[in-house]
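First the structure, in the form of structure tokens, and then the observations on it.
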2 protein chains.
Amino acid sequence: MSETQERPYHHGDLRRALIETALVMLAADQNWTFTLREVARRTGVSHAAPYKHFRDREDLLRELARLGFVQLGESMTQAMSLTQSSVREQFIAGAQACIDFALCNSGLYRLMFSADADKSMDPDLHDAAMKTFTILLQLLEEGQRDGSFRPVNIDALAAASWAQVHGLAMLAINGQLLEEKVGSEPVLAALNVLLDGMCQ
Amino acid sequence: MSETQERPYHHGDLRRALIETALVMLAADQNWTFTLREVARRTGVSHAAPYKHFRDREDLLRELARLGFVQLGESMTQAMSLTQSSVREQFIAGAQACIDFALCNSGLYRLMFSADADKSMDPDLHDAAMKTFTILLQLLEEGQRDGSFRPVNIDALAAASWAQVHGLAMLAINGQLLEEKVGSEPVLAALNVLLDGMCQ
DNA sequence: TTCATAAGTTTCTCCTGTAAACATGGAGGA
DNA sequence: TCCTCCATGTTTACAGGAGAAACTTATGAA
């Protein structure tokens, strides 16, 4: 918004600006096919400038993914905190928040779980993903403590839950849940099928 | 194996040869970062030759994905047919086959469910994916008929099942089920959690 | 036998990633 | 106050890749 200036030599916060441009482009093409040069161009800097902030194109993608996990975690936490009722209700709220996030940020969500955001390459990205995953795990533990969930191996519950939520999110993104014209029903129905198996 | 000849001008079955080369490269780098030129080079033809068989690089990727769905469907069908016991057992056999396929062909499996294999761009790919999906759907219908599965909306069962199986496959590929050193237990455990919710 | 055509090759242009060398200007010490 | 360092920019350069166009070669049908 400061176009009065003739753009000073130093941008001020180019790193953030590049990220924001990339996020916009990611939302547009869904497929992170954008080039680093194009990101630089749209941000109004030379094509080599991004290399002062990101090692390469994949490094930028991993940072986008990391921020995505942070945001997803916040969305889930907030949604779950709004529901002070049963653990089961909280689970559904968190899952719905995840799926809503995926639908609203489908390109980003896909990137987060794609091989292009290689978590073994970036400890920070790995940590961010794990932190988000932990939100779910804590809820499962709480549910087992208060007797809502069956006392089976918690890894089984975690695997089933995460697989279910992530799987539904991917199906939702790909429109494979909506083409049966059932609105948001199938998500809730599917979650309840799983929860019936988890609860005692 | 026919290196006695001086490589005739016409390859014979270049299309298949390109696909096979690409599959090998996909297995190697997992991430389909290979270029079309490299595929051509390794197949021993000029870099423009592939364009006689595939519109562009993505067209080749979609064909790989299509073949992957065919192969996955065959694996699942075969595994399920070997188990002539309960529908529940058949479900587990099919799911395990899918997850095994994903582990054995992780690059291909990832490609099949990635945005780079855009199903809206290729009716054949879409059909192949749907045909594989139908295997699951038929089993669910059969299970509802014989009373194994609850008579809830079948779309809910389908969404839950597919989400669960695909989600577990992705977790397995990413090594997120093995790092807890529990062998193949968590997969089976997670499937049983879901099945407990599906069965009556 | 001819020749249309499918299937290869060569050549060309534009674009990308990324390295290297250079420029700029702000912050901290003399 | 001025100087100098260095993070952050730009310019230049080059090796590839995508893909189009024009050219070549076998092959099979008429």
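Residue numbering restarts at 1 for every chain, and letters A, B, ... go by the order of the sequence lines. We use all heavy atoms of the structure for the numbers below, so side chains are in, but hydrogens, waters and symmetry mates are not.
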Give a yes or no on whether the backbone of A:His53 and the side-chain of A:Arg15 come within a donor-acceptor separation of less than 3.5 Å.
yes
Just to be sure I understand the rule, does A:Arg15 reach a base, reach only the sugar-phosphate, or reach nothing, if contact means heavy atoms closer than 4.0 Å?
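No contact.
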Sugar-phosphate, base or nothing in reach of A:Thr35, heavy atoms under 4.0 Å:
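Since only primed, P, OP1 and OP2 atoms lie under 4.0 Å of A:Thr35, the category is sugar-phosphate.
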A:Arg145/A:Glu142 ion pair, N-O < 4.0 Å:
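Judged by the 4.0 Å cut-off on N to carboxylate O distance, A:Arg145 and A:Glu142 do not form a salt bridge.
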Do the ring planes of A:Phe113 and A:Phe69 sit parallel (below 30°), tilted (30 to 60°) or perpendicular (above 60°)?
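Taking A:Phe69 first and then A:Phe113, their aromatic rings stand perpendicular (interplane angle over 60°).
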Length of the line joining [X]:[atom1] and [N]:[atom2], which is rounded to integer Å:
X: A:Leu18; N: C:dG17; atom1: CG; atom2: P; result: 13 Å
X: B:Leu36; N: D:dA20; atom1: CG; atom2: C1'; result: 14 Å
X: B:Glu38; N: D:dG19; atom1: CD; atom2: C1'; result: 18 Å

Any chance you could lay out the ring pair (Phe, Tyr, Trp, His ring centres under 6.0 Å) test for A:Tyr109 and A:His166, step after step, and finish with the verdict?
CA-CA 10 Å; A:Tyr109 189 87; A:His166 176 53; 5.6 Å; yes
Within residues 48-60 of chain A, the residues having a heavy atom closer than 4.0 Å to DNA chain C are A:Tyr51, A:Asp56, A:Arg57
Any N or O donor-acceptor pair linking the side chain of B:Arg37 to the base of D:dG16 at under 3.5 Å?
no
Could you walk me through whether B:Thr132 and B:Val70 pass side-chain contact (heavy atoms from CB on, under 4.5 Å), step by step?
CA-CA 7 Å; B:Thr132 300; B:Val70 172; over 6 Å; no
Give every residue pair that meets the ring pair (Phe, Tyr, Trp, His ring centres under 6.0 Å) criterion with at least one member in residues 12-48 of chain B, sequence neighbours excluded.
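Ring pair (Phe, Tyr, Trp, His ring centres under 6.0 Å) check on residues 12-48 of chain B returns no pairs.
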Earlier contact from the 5' end, DNA chain C, for B:His47 and B:Asp13:
B:Asp13
